[in-house]
Every structure is written in structure tokens, then in C-alpha cells.
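No hydrogens, no waters, no symmetry mates; every other heavy atom, side chains included, goes into these values. For ligands, and for the atoms within them, numbers begin at 1 and follow the listed sequence.
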Amino acid sequence: MTVEDHAKPWETTRRGLLLLVSSPAGAGKTSLSRRLVADYADMILSISATTRPPRPGEEEGREYFFKSRAAFEAMAAAGELLEWAEVNGNLYGTPRAPVVAAMEAGKDVLFDIDWQGAQQVAEKAPHDSVRVFVLPPSWPDLARRLHARAQDSTEIINQRLALGQREIAHWNEYDYVIVNKDFDRAYSDLIHIYRSERMKPGRNPWLPAFVAGLADED
Ligand code: 5GP
């Protein structure tokens, strides 16, 4: 898959979109999201704050900003979070400032957040939000993927599966649903959604001037 070049000479302005991707843990949402951000220069990843302790291999500021509960609650009280929710006993939230800065710069923002967060962002920015739900091909497949990651104990994995069941109950609130049976196919589906949504007239404020100028070009 080649990386699309957005730099068209007439494309002087663009209105960013907010791509909200949810799924049960282990369905491949994080890999799909990170690949999209790596391939598209106009898309940035929202890095969440969380009170969950880092897993092995996770780095401050790359996967999350790791906070104490007091520090997280102070951020929420100061209005620094665009949304936040409790997931499995930990708090997770989206820092507001990077999203505002990205939108002002005409960039797109990808959010790897749960159904509660996706719902809050979509309520705040209904015209800019696009919601995508990623489903696993089956429950045994999901359990296998969580065990294969070997990041968590069996008890935690069982908790994550139960949580995943509750997450899946919200699949029908999303604009698009991808079944991640095959990563490349699922990634291709995600690109199609993203590129189609980018072509909506409201996201391309340069269009009226472009259309007006069409007659001038021989
Ligand atoms: P994990 O602990 O596995 O990294 O994430 C647990 C869940 O929290 C996942 O469903 C993930 O998408 C969600 N999550 C991560 N960041 C945020 C956030 O900023 N807000 C909300 N609402 N959920 C988040």
C-alpha cells in the first residue's frame, strides 16, 4: 500500500476529522490505529492519560501518559480532558490541548478509546467525528490473541474478556464496523473508511474556490 500524498496544489485548507476507534482488547485496534498514523502524515494519534500502571515495554508519552489518580483527577477538574471514563477500575482520558491544536492545524486525529469516550467525543463534535468499531472474528480467537500477547496474568485476561463483552454490546453505535479476521484486509477496510470520509465536502473548505476556478483552467 503506497502512502497517499495529500499535497495537491489547490488544496490550501482542510478541516480535520476525529477518527474514534473502539474494540475489545485483543481485536487488533491498536495495531490498526498505529499503522494508519504511521502511513498518513495528516493523521496524528491522541495519546491518552491513564491511572493504569505501565505494562512491560510501554513508555511514558508513547502508549500513555501515566498518572496517579490524584494527578488525573486534577487534570479532569481543570477541564484539561476532552473526555474521560473508568475502564476496569482505571481512569483513562484524552488530553484536550493536542486535539484542539491538531484541529486548528487542519490535521486528523485518531483516538484509540472505549465506547464511553467515543460517545462523549461524538456528542461534543458530531460533524467532525467518525466512529469505527473493530470486532474479532470469534471469542476463542480473541482469547488466543490475549494469551499470545503474554503481557497479562490469566486473571487479568479473563477480566479483559469480560470487559470486551461489555464493549462489544455497543458495536451498533458506530458508523463503521470492521471484522479483523485478516490484518491486511482489516487495514485496507480502515483506509477505505478514512479516505472516503476525507472526501466529504465539509472537510474540504478549499472546494468552493477550486470549483469556481475550474472555468479558468484550460
Ligand atoms: P488498555 O488498558 O488495554 O490500554 O486500555 C483499556 C481500554 O481503555 C481500551 O478499550 C482503550 O481503548 C480504552 N482507552 C484508552 N485510552 C482511553 C481514553 O483516553 N479514553 C477512554 N474513554 N478510553 C480509553
Side-chain angles (χ1 to χ4, degrees), residues 18-37 44-69 71-100 102-103 109-125 129-136 142-143 145-171 173-174 176-178 180 186 190:
L18 307 176
L19 192 64
L20 303 153
V21 184
S22 304
S23 80
K29 160 189 61 171
T30 304
S31 308
L32 289 167
S33 302
R34 290 189 180 254
R35 170 96 183 264
L36 194 71
V37 171
I44 64 154
L45 182 66
S46 167
I47 309 291
S48 301
T50 184
T51 62
R52 161 168 89 56
R55 294 199 189 103
E58 287 185 335
E59 271 179 34
E60 167 71 12
R62 190 180 67 190
E63 279 79 15
Y64 286 104
F65 297 107
F66 296 99
K67 304 282 177 197
S68 66
R69 195 165 259 260
F72 188 102
E73 283 168 354
M75 285 175 81
E80 290 170 19
L81 299 176
L82 182 62
E83 61 74 35
W84 66 271
E86 182 155 355
V87 184
N88 214 13
N90 294 304
L91 302 178
Y92 294 82
T94 302
R96 181 190 298 274
V99 179
V100 172
M103 288 301 273
V109 187
L110 193 150
F111 302 75
D112 175 340
I113 62 180
D114 87 325
W115 69 271
Q116 304 171 85
Q119 198 174 67
Q120 290 176 61
V121 176
E123 271 167 22
K124 285 184 179 153
S129 297
V130 178
R131 281 186 275 183
V132 180
F133 200 92
V134 181
L135 284 171
L142 193 66
R145 286 195 215 183
L146 285 179
H147 282 286
R149 276 211 303 222
Q151 277 179 326
D152 296 312
S153 65
T154 304
E155 189 195 334
I156 299 263
I157 289 175
N158 288 339
Q159 268 175 22
R160 291 166 80 76
L161 283 170
L163 187 73
Q165 237 157 355
R166 296 205 290 279
E167 184 80 19
I168 283 186
H170 294 273
W171 69 273
E173 296 159 21
Y174 286 71
Y176 300 95
V177 178
I178 295 174
N180 185 10
L190 185 61

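Between Glu167 and Lys29, no side-chain nitrogen of the basic residue sits less than 4.0 Å from a carboxylate oxygen of the acidic one, so the salt-bridge criterion is not met.
Partners of Glu80 by salt bridge (charged side-chain N to carboxylate O under 4.0 Å, His left out), not counting sequence neighbours: none found.
The backbone N or O of Glu86 lies less than 3.5 Å from a partner atom in the side chain of Gln116, making a donor-acceptor pair. Looking only at distances, a side-chain donor or acceptor of Gln120 sits under 3.5 Å from a matching main-chain atom of Trp84.
Enumerated by chain and number, the residues approaching ligand 1 to less than 4.0 Å through a heavy atom are Lys29, Ser48, Arg52, Arg55, Tyr64, Glu83, Ala85, Val87, Tyr92, Gly93, Thr94, Asp112, Ile113, Asp114, Gly117, Arg160.
Considering all non-hydrogen atoms of both residues, Ile178 and Ala186 come closest at CG2-CB, 3.8 Å.
Atom CD of Glu155 sits in a sparse spot, with 12 or fewer heavy atoms from other residues, nucleotides or ligands closer than 6.0 Å.
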